[in-house]
Amino acid sequence: GNMQILYLDSNQFNGTLYNLTSCRLSYVHLQDNQFTGSISNFYPTFYELRLSNNLFTSSDLGSFTFSKMVTRIDLSNTNLTGPLPMSICATNTTLQSLYASNNFLSGTIPSCLFANKLKILDLSYNNFTGMIPAKQPVSLL
């Protein structure tokens, strides 16, 4: 289809998200619903992906491939587990905002996040360990 923008946030949608690849969407806002299941790898062309405040049950990002065109990702409060995958480094020329707070993410924060164009990085209320990468944004100093 010709649809490029899908805003369905703040409804009562539930169930598993289906594969949206064939829709060729650029902007997807599905936050504040009751989606369950896994956050799957089906967002290859998105500029903006907002899935916060859902009830995902299997949310390991280990095999997730982030769009190289994405500018904003909001995965806050979605039951994410495990480490942030290195595939997030592929977004280092476009990603401006990454929100992944209130999850169960662990491990170290990829240093590439401090070397890209990020303006907002919110990883609060997780289980990260180790050192904060050396290239810190000014706002952290």
Side-chain angles (χ1 to χ4, degrees), residues 1-130 132-141:
N2 293 327
M3 187 185 312
Q4 294 179 350
I5 298 172
L6 178 64
Y7 291 167
L8 296 175
D9 43 308
S10 299
N11 282 287
Q12 299 297 314
F13 292 113
N14 58 30
T16 303
L17 288 177
Y18 64 92
N19 189 323
L20 298 172
T21 303
S22 62
C23 297
R24 305 238 187 255
L25 295 166
S26 297
Y27 298 88
V28 176
H29 293 196
L30 299 174
Q31 69 267 24
D32 300 314
N33 279 289
Q34 298 176 22
F35 289 112
T36 58
S38 178
I39 295 177
S40 301
N41 184 18
F42 48 76
Y43 308 106
T45 61
F46 296 173
Y47 292 106
E48 198 168 280
L49 176 63
R50 297 185 187 187
L51 296 177
S52 62
N53 300 311
N54 276 287
L55 304 171
F56 296 111
T57 53
S58 175
S59 302
D60 183 352
L61 289 176
S63 62
F64 196 94
T65 303
F66 292 91
S67 166
K68 291 182 176 157
M69 300 178 289
V70 70
T71 59
R72 179 184 176 126
I73 300 170
D74 189 348
L75 300 172
S76 297
N77 198 29
T78 54
N79 294 319
L80 291 175
T81 61
L84 278 175
M86 291 307 293
S87 61
I88 200 162
C89 294
T91 66
N92 69 352
T93 59
T94 59
L95 187 63
Q96 295 179 16
S97 305
L98 174 62
Y99 300 89
S101 64
N102 295 299
N103 283 297
F104 304 96
L105 294 168
S106 59
T108 59
I109 299 172
S111 60
C112 66
L113 291 178
F114 293 92
N116 67 13
K117 295 184 178 187
L118 268 182
K119 294 178 182 173
I120 299 171
L121 176 62
D122 184 355
L123 300 175
S124 56
Y125 300 99
N126 278 288
N127 297 312
F128 289 108
T129 58
I132 295 175
K135 293 183 179 181
Q136 298 176 15
V138 174
S139 61
L140 283 182
L141 298 176

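Side chains are part of it too, since the values below use all heavy atoms of this structure and drop only hydrogens, waters and symmetry mates.
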- [ ] Using the test salt bridge (Lys or Arg N to Asp or Glu O under 4.0 Å), find all partners of R72 that sit at least two apart in sequence or belong to another chain.
- [x]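 Per chain and number, R72 pairs via salt bridge (Lys or Arg N to Asp or Glu O under 4.0 Å) with no residue.
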Task: Results of side chain to side chain donor-acceptor pair (under 3.5 Å) for N54 - residues two or more places apart only - done: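 N54 satisfies side chain to side chain donor-acceptor pair (under 3.5 Å) with no residue once adjacent residues are dropped.
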What's the spacing between [X] [atom1] and [Y] [atom2] if we round to 0.5 Å?
X	Y	atom1	atom2	value
K119	L95	NZ	CG	11.5 Å
N102	Y125	CG	OH	7.5 Å
F46	M69	CZ	CE	9.5 Å
S97	I73	OG	CD1	9.5 Å
F56	N77	CZ	CG	11.0 Å
L118	I88	CG	CD1	7.5 Å

- [ ] Start with the C-alpha distance between L30 and F13, add both sets of side-chain angles, then the distance that settles side-chain contact (heavy atoms from CB on, under 4.5 Å), and finish with yes or no.
- [x] CA-CA 9 Å; L30 299 174; F13 292 113; over 6 Å; no
TODO: For atom CZ of F128, decide whether the heavy atoms of other residues, nucleotides or ligands shown that lie under 6.0 angstrom number more than 12.
DONE: yes
Open item on the list: More than 12 heavy atoms of other residues, nucleotides or ligands under 6.0 Å from CD of Q4: yes or no?
Closed with: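 Incorrect, the count does not exceed 12.
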Open item on the list: Going by the rule ring-ring contact (aromatic ring centres under 6.0 Å, His included), which residues pair with Y7 if we only count those two or more places apart in sequence or in a different chain?
Closed with: H29
Open item on the list: I'd like to know if the side chain of N127 reaches the main chain of T129, judged simply by a donor and an acceptor atom lying under 3.5 Å from each other, with no hydrogens or angles considered.
Closed with: no
Open item on the list: Side chains of N14 and N33, heavy atoms from C-beta outward: is any pair under 4.5 Å?
Closed with: no
Task: Check: T78 and F35 side chains under 4.5 Å, non-hydrogen atoms - done: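 They are not in side-chain contact.
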Open item on the list: Show the nearest heavy-atom pair for residues N79 and N103, with the distance to one decimal.
Closed with: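 For N79 and N103, the tightest heavy-atom pair comes out as N-OD1, 2.9 Å.
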- [ ] Please report the shortest heavy-atom distance between L123 and A100, naming the atom on each side.
- [x] CD2-CB, 3.8 Å
